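One structure is given here, and the rest of the page talks about it.
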Number of protein chains: 2
Amino acid sequence: MTSRLKDVAALAGVSIRTVSNVVSGSGAVAEHTRVKVQAALDELGYRPNAAARNLRAGRTGLIGLAIPELHSPYFSELAGLLVQAAQQRSWTVVIDQTFGDADAERRLLEGTGGRVVDGLIISPWALSPEDLAAHARGVPLVFLGERSPGGLADRVAVDNVPAADEATTHLLGLGRRRIAALGLQPHLHNGTARQRHEGYTAALRRAGIAPDPALERTVATLHREDGYAAMSALLDEGVEVDAVFAFSDELALGALHCAHQRGLRIPGDLAVVGFDGIDNARWAHPALTTVVPDKRQITERALQCLADRIYSPASAVPPQDIVVPHHLEIRASTVG
Amino acid sequence: MTSRLKDVAALAGVSIRTVSNVVSGSGAVAEHTRVKVQAALDELGYRPNAAARNLRAGRTGLIGLAIPELHSPYFSELAGLLVQAAQQRSWTVVIDQTFGDADAERRLLEGTGGRVVDGLIISPWALSPEDLAAHARGVPLVFLGERSPGGLADRVAVDNVPAADEATTHLLGLGRRRIAALGLQPHLHNGTARQRHEGYTAALRRAGIAPDPALERTVATLHREDGYAAMSALLDEGVEVDAVFAFSDELALGALHCAHQRGLRIPGDLAVVGFDGIDNARWAHPALTTVVPDKRQITERALQCLADRIYSPASAVPPQDIVVPHHLEIRASTVG
DNA sequence: GTGAAAGCGCTAACAA
DNA sequence: TTGTTAGCGCTTTCAC
């Protein structure tokens, strides 16, 4: 069933070398030889053995994408784009899920069970920069959304502070004054939430509003359940609130769900802004205003970083900190 | 940086063979030797070269998952589960997106470009069984959701006809008589929609209701946009309707969105049932009744099929047609 | 323009 | 119990 170069060579009556040249298109081959070889190739239905090529090349043609989970909308959209973009560069993506588990992240960085990928794009969750730095090994790394540990690797992300500032300023511009921040995660060593909180606070301060701890809500994860729970708690405690800035769209959707159940009018009683620009947000009820990172650029730039490191390890550019654009997509959940 | 077996052997003062035995845990090694070797292993931070192992073993340890798209909820949930399940069997999953393109599906089956997987799990969309059969090649195949072409490969799916029947019967039991079927795809050679339509029709007939062509709506894809458009058209045409059975949850969510905009009460004016059991459905407004396939079993069984074919190609069991369970999850969109 | 052969890192058959 | 060595299939240097 599977034929080797050797078989094709035998059938065509030439050497292995010549067949290899025809297959790869490299080297010079006389026209009549190449026709003959091509015929043999077709007859045997030859397909190159990837393992052998990889061994020879010292590469696998595989890159890893490590994300907390594949089933959440933000990451599945990102993964889909990455798979596509990688394909154009003849790379194949293998996806690993860490489920926010520190050990899983560590294991991944150490290169589980064998050197398999040529590079790794990782969206850290539980690990701190220090931890990450301590375990990074061998393969080129690109961090998504988290500052690179001590300039150890490239990093691609939106600028969280101004993005959060922008979202909050939008709410302030609508006359809201009691704006809740949903999504703090002080227990994590991942700094994304911290940065968004920073932007939120900055905007409030600029508007002359003192941040109110009662309006800042911690969550365990960024899922809808958590947004729902946080919003419920807020309302149960009787905290006065006229807007919500959620650190993820899923949190925002959960909050929206809760607000509906309580009979609040959106955006009349409560304006809501999310973060991530997931497709769901457009279909929310009402459609959700959200900070949209340019996901295509995130994947493109991350791959570019990897390509540079993998193919030109010699030209050791210092680790890059790449900021991709974002924009605030204003929809009915704030401007009804 | 990367050390080979040879380097470890040199450092430990033993032969390659012995190191290999220690690494793989096979063969007999004297305790004091293994301690010595292990020390060398640790010191050099040895990790096996996957490409070399694969070449040797004649396997890649990779399995492919070919789905129309990764960003839609159903497929990302499925992919997430598969990645997890595969990990437990020491397999790595590479994901390919076909975007419902017939050529992409064909190319995948032919195993283009040289990246060779040990097996392929494919969720066909555009290709007919005949086409699939014509292009299947070499690697073990498992079809998801579509009958295997001429018993050529294993297939794992829910039983669409009874599932659709059940959903429709549920609506009939609520006294609905003008039940729309949303999601016909006569242009595709993929039989899923046809089977769901069959179940729908059967349930109607059993209730003494003649299917009304005006209630059967064709869609291009299974996305929310299509559900929204189909529902809009239905209402615009003034077709009398008191329930919708959508062939996917996304279609149902789109229809729901449209119904809301038109001011219909759910389920008072319109009861809605979806299909797929995506997480979103729970968070819809109101929560969506849906047919839930056991996704975990789908991935488990598919992997089991692959494992059987890959590891015991000799014991040629005839292609299996595996039916996984489903259940109708009744929520507020039908029983308010 | 084409052939012969080395060697990528690993496993396992064969020796000792 | 451990060492030696022949390939797995491919690319590529060196010779012709």
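In this text the structure is predicted, and so the values were computed from the model without any measurement. Here is the naming used below: chain letters follow the sequence lines, and residue numbers restart at 1 for every chain.
You can see that DNA chain C meets the heavy atoms of chain B within a 4.0 Å-exclusive cut from C:dG9 to C:dC14, reading 5' to 3'.
For the helix from C:dG1-D:dC16 to C:dA16-D:dT1, the axis fitted to the five pairs at one end and the axis fitted to the five pairs at the other end meet at an angle of 40° (nearest 10 degrees).
Taking 3.5 Å as the limit, the base of D:dT13 and the side chain of A:Arg17 contain a donor-acceptor pair of atoms between them.
The existence of a salt bridge linking B:Arg155 and B:Asp321 is confirmed by a sub-4.0 Å separation between a basic side-chain nitrogen and an acidic carboxylate oxygen. Using a cut-off of 4.0 Å between Lys/Arg side-chain N and Asp/Glu carboxylate O, A:Arg89 and A:Glu300 are scored as salt-bridged.
Between A:Val94 and A:Val117, the closest side-chain pair of non-hydrogen atoms falls below 4.5 Å.
The residue among B:Ala57 and B:Arg34 whose nearest nucleotide of DNA chain D lies closer to the 5′ end is B:Arg34. Sequence order on DNA chain C of the closest nucleotides to A:His32 and A:Ile16 puts A:His32 first from the 5' end.
Distance alone, capped at 3.5 Å, places no donor-acceptor pair between the A:Asp154 side chain and the A:Pro319 backbone. Side chain of A:Asp118 to backbone of A:Thr60: a donor-acceptor contact under 3.5 angstrom is found.
Residue B:Thr33 has a polar side-chain atom (N or O) positioned under 4.0 Å from OP1 or OP2 of D:dT2.
If you take CZ of B:Arg56 and C1' of D:dG7, they are 7 Å apart, rounded to a whole angstrom. Rounding to whole angstrom units, CG of residue A:Asn49 and C1' of D:dT11 are separated by 13 Å. Rounded to whole Å, the distance from CZ on B:Arg53 to P on D:dC10 is 22 Å. At whole-Å resolution of the value, CG in A:Asn54 and P in D:dT11 are 10 Å apart.
Across all non-hydrogen atoms, the minimal contact from A:Arg309 to A:Val317 is NH1-O, 2.8 Å. Residues B:Val37 and B:Val8 share a closest heavy-atom pair of O-CG1, 4.3 Å.
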Checklist entry - Going through the distances and angles, do A:Ile322 and A:Val142 end up as a side chain to side chain contact (heavy atoms under 4.5 Å, CB included)? => result CA-CA 10 Å; A:Ile322 295 168; A:Val142 176; over 6 Å; no
Checklist entry - Yes or no on side chain to side chain donor-acceptor pair (under 3.5 Å) for A:Gln320 and A:Asp308, after CA distance, side-chain angles and deciding distance? => result CA-CA 11 Å; A:Gln320 312 255 52; A:Asp308 292 346; 5.4 Å; no
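Across all strands, A:Thr18 comes closer than 4.0 Å only to sugar-phosphate atoms, never to a base (heavy-atom distances).
Contacts between residues 4-15 of chain B and DNA chain D, defined by a heavy-atom separation below 4.0 Å, involve B:Val14, B:Ser15, listed by number.
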